[in-house]
Amino acid sequence: MLDLRFVRENIELVEESLRKRGNELSLDKFREMEEERRRILTDVEKLKHRRNVVSDQIGELKRKGEDTGEIIAEMKELSGKIKEYDERLKELENNINDILLVIPNIPHESVPVGSTDQDNEEVFRWGEPRNFSFTPKAHWELGEGLDILDFGRAAKVTGARFTFLKNAGARLERSLVNFMLDLHVEKHGYREVFPPFLVNAASATGTGQLPKFAEDMFKLEGLDYYLIPTAEVPVTNLYREEILAEKDLPIYHVAYSACFRAEAGSHGRDTRGIIRQHQFNKVELVKFVKPEDSYAELEKLTADAEEVLQLLGLPYRKVVLCTGDLGFSSAKTYDLEVWLPAYNDYREISSCSNFEDFQARRAGIKYRREEDGRVEFVHTLNGSGLAIGRTLAAIMENYQNEDGSITVPEVLRPYMGIDVIR
RNA sequence: GGAGAGGUGUCCGAGCUGGCUGAAGGAACUCGCCUGGAAAGCGAGUGUAGGCAACCGUCUACCGAGGGUUCGAAUCCCUCCCUCUCCGCCA
């Protein structure tokens with residue numbers, strides 16, 4: 001979330017940035033309540049000071065064995081007043097906080113202004129989409145033909161938008177996880193963590209899923225547990241309510257996890273295949289860095305994700321999301337979109353974002369500067385490195401052969417143990 | 001799941017028969033003295049959040065979280081969370 005004082009002192013700027021995101025939230029109510037809050041706070045603090053002073057006097061009088069009846073009567077009245085003020089104050093603080101929690105991050109100045117994904121700007125393309133001498137099949141056709149994807153039985157066992165991976169398909173999924181983890185750990189210097197797949201409400205609030213996007217997550221009935229929509233949530237919350245040492249920054253983590261998305265609004269889109277599932281695997285990159293470094297770190301993080309695509313030989317393009325398409329918590333996001341022959345288009349396979357101090361403030365992740373001992377919020381970043389299921393689909397479609405078999409990309413062969421899936 | 005113990009500042013650790021404890025003592029760190037240099041020693045300092053003033057400063061809150069009792073709570077009561085030990089169960 002944004003800093004309370006910052007919002008108070010920059011209301012117009014915040015409203016302007018909301019408009020750029022296509023959000024018509026008015027902050028009039030916020031302004032009113034914040035004024036009242038400060039008024040009451042000043043008053044109640046004066047009363048509390050009085051209470052503290054008199055309380056000391058009572059202690060002293062009691063020690064001397066003197067009468068305190070009158071002064072205690074005064075204090076009773078004072079305490080009653082304080083209680084009333086505190087109640088109103090709490091109400092205001094809750095209401096103000098509720099507003100702050102649903103204000104999205106302010107887009108970075110380099111982010112193009114726009115309303116939909118049509119307005120995203122392409123940064124560059126890498127690789128050439130392959131020219132097929134035959135009509136390429138979609139990954140779901142290939143998968144069923146090779147008996148490596150089973151949609152029907154997954155629907156029976158669980159429901160729509162779940163898939164069984166079988167045989168070389170299951171092995172390919174596992175190979176991709178290992179390949180990506182190895183690359184990021186060994187070459188890019190990330191430290192591997194394996195997180196819980198369930199988090200509590202405080203963690204989901206820390207990264208920005210709650211309170212606004214509760215319906216996108218699966219929640220365990222009767223428990224304060226949510227299935228993680230991405231490893232970003234547990235990994236970013238690793239250091240929630242902590243003060244890190246400057247010498248420990250930057251911290252790079254890479255984590256494999258399953259991801260769970262309820263995505264209530266997605267019915268009807270990508271109903272075939274494994275592009276949009278309720279459960280998928282992902283290798284996620286998460287960084288905690290000093291504020292002055294975060295934009296350079298975003299470029300590096302994105303490059304780390306790109307290298308996966310390059311090593312796999314998958315054509316992709318990099319786009320910068322416009323203000324209207326930017327995620328709630330993000331200040332700037334690059335999407336990497338992989339070429340899918342069956343769609344004859346590029347589809348998102350990685351999303352790399354700088355959240356600046358937006359998540360750090362919600363989650364209370366700070367660091368102490370060596371120079372002057374001051375404490376400030378870190379900047380957090382994350383990006384997919386990559387989404388495994390979509391990578392699998394991309395490999396199947398881009399590396400398919402006329403006979404329906406699939407050539408295994410060179411870098412995966414040590415993990416797969418075979419050259420062709422047939 | 002059952003029984004017991006406990007959660008205090010960067011860390012360790014007192015206080016817990018309510019007022020003189022934002023919090024003893026120690027460690028660590030910063031600055032100064034000492035020294036050829038270092039260690040030891042000596043002296044001073046070092047939490048977070050918020051309000052007012054915005055130069056110095058000042059006030060409020062915070063002893064796992066929330067609520068209650070009280071004129072007043074780290075200290076008493078209740079609920080919850082977490083950690084440890086033993087038992088049960090389980091991969």
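Keep in mind it's a predicted model, so treat the numbers as computed, not measured. Per chain, numbering begins at 1; letters A, B, ... match sequence-line order.
- Straight-line distance from the CG atom of A:Leu100 to the C1' atom of B:G50: 14 Å, rounded to whole Å.
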Under 3.5 Å between N/O atoms: give me all the protein pairs with nucleotides 66-69 of chain B, atom names plus distance.
residue : atom : partner : partner atom : Å
B:G67   : OP1  : A:Lys90 : NZ           : 2.5

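- B:A65 and B:U8 have their P atoms separated by 10 Å, given to the nearest Å.
- In summary, the aromatic rings of A:Tyr295 and A:His379 are positioned with their centroids too far apart to meet the 6.0 Å limit.
- Aromatic pair A:Phe328/A:Phe358: centroids less than 6.0 angstrom apart.
- Ranking B:G51, B:C59, B:U48 by closeness to the A:Leu41 side chain, first place goes to B:G51.
- If you take atom C1' in B:A14 and the same atom in B:C86, they sit 28 Å apart, rounded to whole Å.
- Distance CD (A:Glu241) to C1' (B:A65): 12 Å, rounded to an integer number of Å.
- Comparing B:G51, B:G72, B:U48 against the side chain of A:Arg51 picks out B:G72 as the nearest.
- For A:Arg368, the listed nucleotide lying nearest its side chain is B:G47; candidates were B:G47, B:C20, B:C59.
- Rounded to a whole angstrom, the distance from the C1' atom of B:A23 to that of B:A61 is 15 Å.
- Taking atom P on both nucleotides, B:A27 is separated from B:C81 by 39 Å, rounded to a whole Å.
- Of the C1' atoms belonging to B:U83 and B:C29, the separation is 28 Å, rounded to the nearest Å.
- Checking B:C71, B:G51, B:U60 against every side-chain atom of A:Ile58, the shortest atom distance belongs to B:C71.
- With hydrogens and angles ignored, a donor-acceptor pair closer than 3.5 Å exists between the side chain of A:Glu45 and the base of B:G50.
- Under 3.5 Å, the side chains of A:Asn105 and A:Ser330 contain no donor-acceptor pair of N or O atoms.
- Comparing the same atom, C1', in B:G7 and in B:C63 gives a spacing of 10 Å after rounding to whole Å.
- Each of B:C20, B:G51, B:C71 was ranked by its minimum atom distance to the side chain of A:Lys62; first place goes to B:C71.
- Straight-line distance from the CE atom of A:Met75 to the C1' atom of B:G18: 14 Å, rounded to whole Å.
- Using a distance-only test at 3.5 Å, with no hydrogens or angles considered, a donor-acceptor pair links the side chain of A:Asp3 to the main chain of A:Phe6.
- Between the base of B:G19 and the side chain of A:Ser55 there is a donor-acceptor pair shorter than 3.5 Å.
- Across B:C71, B:G51, B:U60, the shortest atom-to-atom separation from the side chain of A:Asn52 is found for B:U60.
- Pairing analysis of RNA chain B (Watson-Crick: purine N1 to pyrimidine N3 plus N6-O4 or O6-N4; G-U wobble: N1-O2 and O6-N3; both under 3.5 Å) yields stems of 3 or more pairs at B:1-7 with B:81-87, B:10-12 with B:25-27, B:28-33 with B:41-46, B:47-52 with B:57-62, B:64-68 with B:76-80.
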